[in-house]
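Note that the numbering runs from 1 along the sequence shown for the chain.
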Amino acid sequence: MMAMNIERFVSEGKGNGLRALREIKAGEVIHSCEPYAFCIAKDFLKTACHSCLKRDESLSRCSQCKTARYCSVQCQKQAWPDHKRECKCLKRLQPRIPTDSVRLLTRIIFKLLGQSESDQEDLYSIAEHQSHLADMSEEKKEGLGHLCTTLQLYLGEENHDLSQLPPGLDPVSLLARVTCNCFSISDGELQDVGVGLYPSMSLLNHDCQPNCVMIFEGKRLTLRAVRLIRPCEELTISYTDILVTSKERRSHLQEQYHFLCQCTRCTTEDKDCDMLAGEKTAWTSLRDAIPHMEQLQSEQRWEELLKESQALLHRYADVVPDRNIYVLRLLDLAMDACISLGDYETALEYGHRALEPYKLYYSDPHPSRAVELLRVGKLQHYLSRLEEAQGSFTQAYDIMKVTHGTDHALTNERPSTAVPPRPQTPLLQFFDMLAVNQHTTIFALQWNVSGWLCLPHALVPLCIKPAGLEFN
C-alpha cells in the first residue's frame, strides 16, 4: 500500500493529480514502488538483465525464445512469471523483435488477464488512465492501428484471450494509455534501458520547475522531494527536457501529452532570452548543424565531430555566448569527442565553459547539473587538480544527497590512504579511491557513446519524464 503522506485529488485545470498530506522536506522519499509491468528497451535486449536491469556483455540467454537474457539463475527464476507467456510470443516471431510499446503492452495484457482484486493499484487503476484518443491526430491514430496489427501477430494463438480483458480496455485504448502514461527506466549511465508502467505515479502532473524527481535503482522507482513541499501542495515532475525554449516545451507537451503547459516558467518565457542569446542568424546556423553533429556522435566519428564542432564554436565565439543552448550543446559534444580521443585538457576547458550555463538552467538540486559536475570533477582529478576536483565533487554531492539520498551505496566506501588528507564526503571518499593507482583512474574515465560518464551502477539512475513510445 502507498504511504499515507500523499493523496489523489482533482487538480484545477489538470485533472487528476497527487498532493502532499503533510509537510515533506527536501530529499525525503515520498514513495517507492515496483512497476506494474516493464520491458527492456530494444537497444539493450542483449546487454541488460531482463529481471534486475544490470548491464553485462555476457548474460545467459533463455533457451526457448533466445531473446530474454539474465545475469543469474535467481534473476531468471524471478522473471519467469512475467516471461512465461511472453516467451512463446518472442519465439513465434523470431528473428523479428516487436517495438518496446508492443512488448510492454503484451506484458500488461497478460497481467490484466491474470490479476486478482488484490493486484489493483491503490490510487490509480489502469482503467482510469486517460487514453486521449479523442485528442490524437489521425496520423497518430493510424500509428496505433499499425501497432495493433503487430500486436496481433505477436500474440498469435493468445489473441482469443483479448475478449476477456476488462470492459473499455481494448488493445487500441490500452496502447493509447501506455503511450501517455509509461516512464523511461534509466540505469547508472543515464541510459534508458527499459520502459515501465507505474500506475499510481502516472497521477503526477508536469511542471517545468517540479518539486519532485524520480530515481531508479534497477526497475524500482523512488519519488523524492527536491524542495520543501507544504501540506496540500501538488506534487509535480518534469515530463520534458527543460533545456529548450518555452515554445518548444509547450509544443512537445501538447503533441505528446495533450495539454498546454501553464507553469510560471512557460507563461513568463523565463530564460528564453538567455537560451537564444546572440545573433539570430548565427545561432540558427548552430541549431541547424546540431543534428549532423549528433549523428557523428552516434557513429563514434570523434575526429570529425571534434573538428566540425570546434570550427563552429570558433566561428561564432564573438556573436553567440556560451549560455545559448545551441552553443551549450556543441560544448557537450566537443567535450565528449575530446574525452574519446584522450585530449582531457581540452575536454576540461569545454566542461568549465558549460558549468555556468548548467547552473543557470538547472536550478539546484537537479541531477543533470550533478552529473555535469561529476564529469568535470573526474577530469580535474585525473589531471591532478585535486583542490578543484574536491570543489566539483562537493557540489555534486550536495545535490545528490537531496536527489539520491545519503543512504546511497557510495556512503559505504572508505577513503584511500594513498591520497593527501582532505575533508571527506561519501562521494569524495569514492573518488579518492581512484588515486590508488593509474589503472583505476583511467578506468574511471571511460565514457559511453552518448557522452555520459560511466559511473558505478545505481549512482545516477533517474527519470524525470515519461517515455515517448514509438509509433512504427
Side-chain angles (χ1 to χ4, degrees), residues 2 8 15-16 33-40 42 50 65 67-68 79-93 96-136 138 140-183 185 194-203 219 221 257-258 466-472:
M2 186 171 290
R8 175 178 171 177
N16 291 308
C33 62
E34 295 287 326
Y36 178 84
F38 82 101
C39 73
I40 299 296
K42 200 169 183 177
H50 290 218
C65 68
T67 300
W80 182 242
D82 290 328
H83 181 60
K84 185 177 181 180
R85 295 179 74 176
E86 170 194 61
C87 188
K88 298 177 183 178
C89 299
L90 288 166
K91 187 176 181 180
R92 181 184 302 111
L93 224 60
R96 293 172 295 168
I97 303 292
T99 59
D100 298 350
S101 49
V102 168
R103 287 182 293 110
L104 176 61
L105 180 60
T106 300
R107 284 191 161 206
I108 291 171
I109 288 173
F110 290 154
K111 190 80 174 281
L112 285 169
L113 291 172
Q115 77 176 10
S116 63
E117 289 297 320
S118 61
D119 294 324
Q120 293 285 341
E121 284 272 331
D122 45 340
L123 283 184
Y124 202 40
S125 69
I126 293 177
E128 293 177 288
H129 282 62
Q130 295 296 310
S131 69
H132 294 289
L133 275 171
D135 302 320
M136 288 186 181
E138 290 304 314
K140 240 184 179 182
K141 290 178 182 177
E142 184 179 351
L144 288 176
H146 291 319
L147 288 177
C148 282
T149 300
T150 303
L151 175 68
Q152 291 173 347
L153 290 171
Y154 186 49
L155 286 172
E157 62 190 35
E158 308 275 1
N159 268 298
H160 67 273
D161 289 342
L162 295 181
S163 60
Q164 300 174 36
L165 286 170
L169 293 183
D170 58 277
V172 172
S173 67
L174 271 173
L175 267 172
R177 285 172 167 85
V178 169
T179 301
C180 295
N181 292 285
C182 63
F183 290 91
I185 302 174
V195 60
L197 185 66
Y198 301 78
S200 291
M201 292 294 93
S202 298
L203 285 166
K219 58 183 180 289
L221 179 158
Y257 306 107
H258 311 286
L469 292 179
E470 69 279 17
F471 278 92
N472 49 52

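- Identified under the salt bridge (Lys or Arg N to Asp or Glu O under 4.0 Å) test for residues 148-158, with sequence neighbours left out: Arg85-Glu158.
- Tyr154 contributes atom OH, which lies 7.0 Å from atom CZ of Arg103 (distance to the nearest 0.5 angstrom).
- The shortest distance between side-chain heavy atoms of Leu90 and Cys87 does not fall below 4.5 Å.
- By the side chain to side chain contact (heavy atoms under 4.5 Å, CB included) test, Ala68 is found to be paired with His50, Cys62, Cys65, Tyr70, His83, residues two or more places apart in sequence or in another chain being considered.
- The distance from atom CD of Gln152 to atom CG of Leu162, rounded to the nearest 0.5 Å, is 7.5 Å.
- With respect to the salt-bridge test (charged N to carboxylate O, under 4.0 angstrom), the residues Arg107 and Glu86 qualify.
- Scored by the side chain to side chain contact (heavy atoms under 4.5 Å, CB included) test, Gln164 finds Leu113, Asp161 as partners (sequence neighbours excluded).
- A search for side-chain hydrogen bond (donor to acceptor under 3.5 Å, both in side chains) contacts involving Thr149 returns nothing, not counting sequence neighbours.
- Smallest separation of non-hydrogen atoms from Leu155 and Thr106: CD2-CG2, 3.8 Å.
- Counting heavy atoms from C-beta outward, His129 and Leu197 have side chains that approach closer than 4.5 Å.
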One pair to check against side chain to side chain contact (heavy atoms under 4.5 Å, CB included): Leu174 and Leu165. What are the steps and the verdict? CA-CA 10 Å; Leu174 271 173; Leu165 286 170; 4.1 Å; yes

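- Residues satisfying the salt bridge (Lys or Arg N to Asp or Glu O under 4.0 Å) test with Arg177, not counting sequence neighbours, are none.
- Contact of the Lys84 side chain with the Phe110 side chain is not registered, since no non-hydrogen atoms from C-beta on lie closer than 4.5 Å.
- The nearest pair of heavy atoms linking Leu147 to Leu175 is CB-CD1, 3.7 Å.
- Among all heavy-atom pairs drawn from Pro171 and Leu105, the shortest one is O-CD2, 4.0 Å.
- Lys42 meets the side-chain hydrogen bond (donor to acceptor under 3.5 Å, both in side chains) test with no other residue; sequence neighbours excluded.
- For the pair Met136/Leu144, a side-chain contact is recorded, criterion being any heavy-atom separation below 4.5 Å from C-beta on.
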Could you walk me through whether Phe183 and Ser202 pass side chain to side chain contact (heavy atoms under 4.5 Å, CB included), step by step? CA-CA 9 Å; Phe183 290 91; Ser202 298; 4.1 Å; yes

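- In terms of heavy-atom proximity, Tyr36 sits nearest to Pro199 at CB-CD, 3.6 Å.
- Counting only residues at least two apart or on different chains, the salt bridge (Lys or Arg N to Asp or Glu O under 4.0 Å) pairs with a member in residues 127-136 are Arg8-Glu128.
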Apply side chain to side chain contact (heavy atoms under 4.5 Å, CB included) to residues Tyr257 and Thr179 and explain how you reach the verdict. CA-CA 9 Å; Tyr257 306 107; Thr179 301; over 6 Å; no

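- Residues that satisfy the side-chain hydrogen bond (donor to acceptor under 3.5 Å, both in side chains) test with Gln130, not counting sequence neighbours, are absent from this structure.
- In terms of heavy-atom proximity, Ser131 sits nearest to Ala176 at O-CB, 3.4 Å.
- Counting only heavy atoms from C-beta outward, the side chains of Val195 and Val178 never approach each other to under 4.5 Å.
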Hey, mind stepping through Thr150 and Thr99 against side chain to side chain contact (heavy atoms under 4.5 Å, CB included) and telling me if it holds? CA-CA 9 Å; Thr150 303; Thr99 59; 5.8 Å; no

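- Heavy-atom minimum distance, Ile185 versus Gly196: CD1-N, 3.8 Å.
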